[in-house]
Amino acid sequence: MNLVLLGPPGAGKGTQAKRLRESLGIVQLSTGDMLRAEVASDSDLGRRAKDIMEAGDLVPDDLIVAMISGRIDQDDCKGGFILDGFPRTTPQAEALDGMLKEKGLVIDYAIEIRVDDEAMVKRITGRFTCARCGAGYHDEFQRPQADGVCDKCGGGEFTRRADDNAETVRTRLKAYHEQTAPIVSYYEKKGLMKGVDGMASIDEVTRQLNRIVG
Ligand code: AMP
């Protein structure tokens, strides 16, 4: 099964994509994670993307499309994938259709995680991640059981994204509404669009997603 997860920053795409990865046994393709890895390795692409990401703007379509096309060709995607953070513009959605057609693949569902913008600023500015296993936490909503120790792997080092500050979040939300939200009608016209209530609890959102893909 090949899925597109849509929703503004903070909607829970990454969290839910990881859960779907476990339950469906398909890979999570997060363009944000891929770009952060490029930045960390100081590659050509990483150097071009770094400032754009820190400002909360979108990286040019051609760079993203080439990156994701190469990734979908890898063997672990043969059993299916969840696109998390891509497509983010109508040209990216069109490019995705073109590349999937060439590869003989289709999108089964595009699922929007619907949320309230103001709540997103609070969600994003408080989030942090275990540096060792990637488990996600939040200062207010989901602290580790023992302060400073990851519940999942026992790691003691945590990271915060450079773009998870209130000012950049507002730019990212604006980019979502102006450039990404129109994709909803793109997938509606194709009859692939579904939605879940992203303001519900994490477990409830997972249940709603499983009802769609199950
Ligand atoms: P994310 O982790 O999905 O919130 O993405 C973090 C940042 O990476 C975004 O604010 C953009 O600067 C960049 N980015 C990720 N995915 C895309 C995409 N599909 N198109 C353009 N920029 C992207």
Side-chain angles (χ1 to χ4, degrees), residues 2-18 20-21 27-72 77 81-100 107 110-113 115 117 119-131 134-138 159-184 186-187 198:
N2 302 322
L3 302 172
V4 169
L5 271 190
L6 290 170
K13 297 187 298 296
T15 302
Q16 297 297 339
K18 286 187 180 66
L20 286 170
R21 183 184 67 190
V27 294
Q28 173 194 10
L29 302 183
S30 157
T31 44
D33 286 350
M34 291 160 74
L35 287 168
R36 281 183 285 281
E38 298 286 342
V39 172
S41 69
D42 199 29
S43 67
D44 269 0
L45 172 57
R47 278 194 292 274
R48 293 174 75 176
K50 186 170 187 286
D51 291 346
I52 300 174
M53 292 171 74
E54 281 182 8
D57 295 321
L58 295 185
V59 173
D61 290 335
D62 55 337
L63 299 182
I64 298 287
V65 168
M67 180 179 80
I68 202 82
S69 176
R71 183 66 188 86
I72 289 174
C77 293
F81 49 81
I82 306 157
L83 292 169
D84 158 12
F86 177 89
R88 244 183 171 93
T89 63
T90 303
Q92 287 183 17
E94 289 164 353
L96 174 64
D97 278 347
M99 80 173 79
L100 291 181
I107 293 296
I111 308 173
E112 184 190 22
I113 305 184
V115 289
D117 258 24
M120 291 310 100
V121 179
K122 200 165 179 193
R123 267 197 202 174
I124 294 176
T125 52
R127 67 186 183 180
F128 60 98
T129 306
C130 171
Y137 295 97
H138 192 280
T159 56
R160 286 178 195 262
R161 282 173 46 172
D163 59 351
D164 276 353
N165 59 76
E167 192 192 337
T168 308
V169 169
R170 292 200 190 279
T171 308
R172 288 160 62 201
L173 284 169
K174 191 162 171 270
Y176 182 80
H177 289 294
E178 288 177 3
Q179 298 181 72
T180 309
I183 295 179
V184 170
Y186 180 88
Y187 285 114

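In listed order, ligands and their atoms are each counted from 1.
Residues passing the salt bridge (Lys or Arg N to Asp or Glu O under 4.0 Å) test with R47 are D42, D44, sequence neighbours excluded.
When all heavy atoms of V59 and A49 are compared, the pair lying nearest together is CG2-CB, 4.0 Å.
Here OG1 of T31 is found 12.0 Å from CZ of R71. Values are rounded to the nearest 0.5 Å.
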Anything under 3.5 Å between a donor and an acceptor, one on a side chain of residues 91-98, the other on a protein residue two or more places apart or in another chain? List them.
from : atom 1 : to   : atom 2 : distance (Å)
Q92  : OE1    : R88  : N      : 2.8
Q92  : NE2    : D61  : OD1    : 2.9
D97  : OD2    : Y186 : OH     : 2.4
D97  : OD2    : K190 : NZ     : 3.0

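The salt bridge (charged side-chain N to carboxylate O under 4.0 Å, His left out) analysis of residues 167-184, with sequence neighbours excluded, yields the pairs E118-R170, D163-R172, D164-R172, K174-E178.
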Between the protein and ligand 1, which nitrogen or oxygen pairs come in under 3.5 Å, and how far apart is each?
from     : atom 1 : to   : atom 2 : distance (Å)
ligand 1 : 2 (O)  : R36  : NH1    : 3.0
ligand 1 : 2 (O)  : R36  : NH2    : 3.0
ligand 1 : 2 (O)  : R161 : NH1    : 3.1
ligand 1 : 2 (O)  : R161 : NH2    : 3.3
ligand 1 : 3 (O)  : R88  : NH1    : 3.1
ligand 1 : 3 (O)  : R88  : NH2    : 3.1
ligand 1 : 4 (O)  : R88  : NH2    : 3.3
ligand 1 : 4 (O)  : R161 : NH2    : 3.0
ligand 1 : 5 (O)  : R88  : NH2    : 3.3
ligand 1 : 12 (O) : D57  : O      : 2.5
ligand 1 : 16 (N) : T31  : OG1    : 2.8
ligand 1 : 16 (N) : G85  : O      : 3.4
ligand 1 : 16 (N) : R88  : NH1    : 3.1
ligand 1 : 19 (N) : G85  : O      : 2.9
ligand 1 : 19 (N) : Q92  : OE1    : 3.0
ligand 1 : 20 (N) : Q92  : NE2    : 2.9
ligand 1 : 22 (N) : V59  : N      : 3.0

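No hydrogens or angles considered: a donor-acceptor pair under 3.5 Å links the side chains of E38 and S43.
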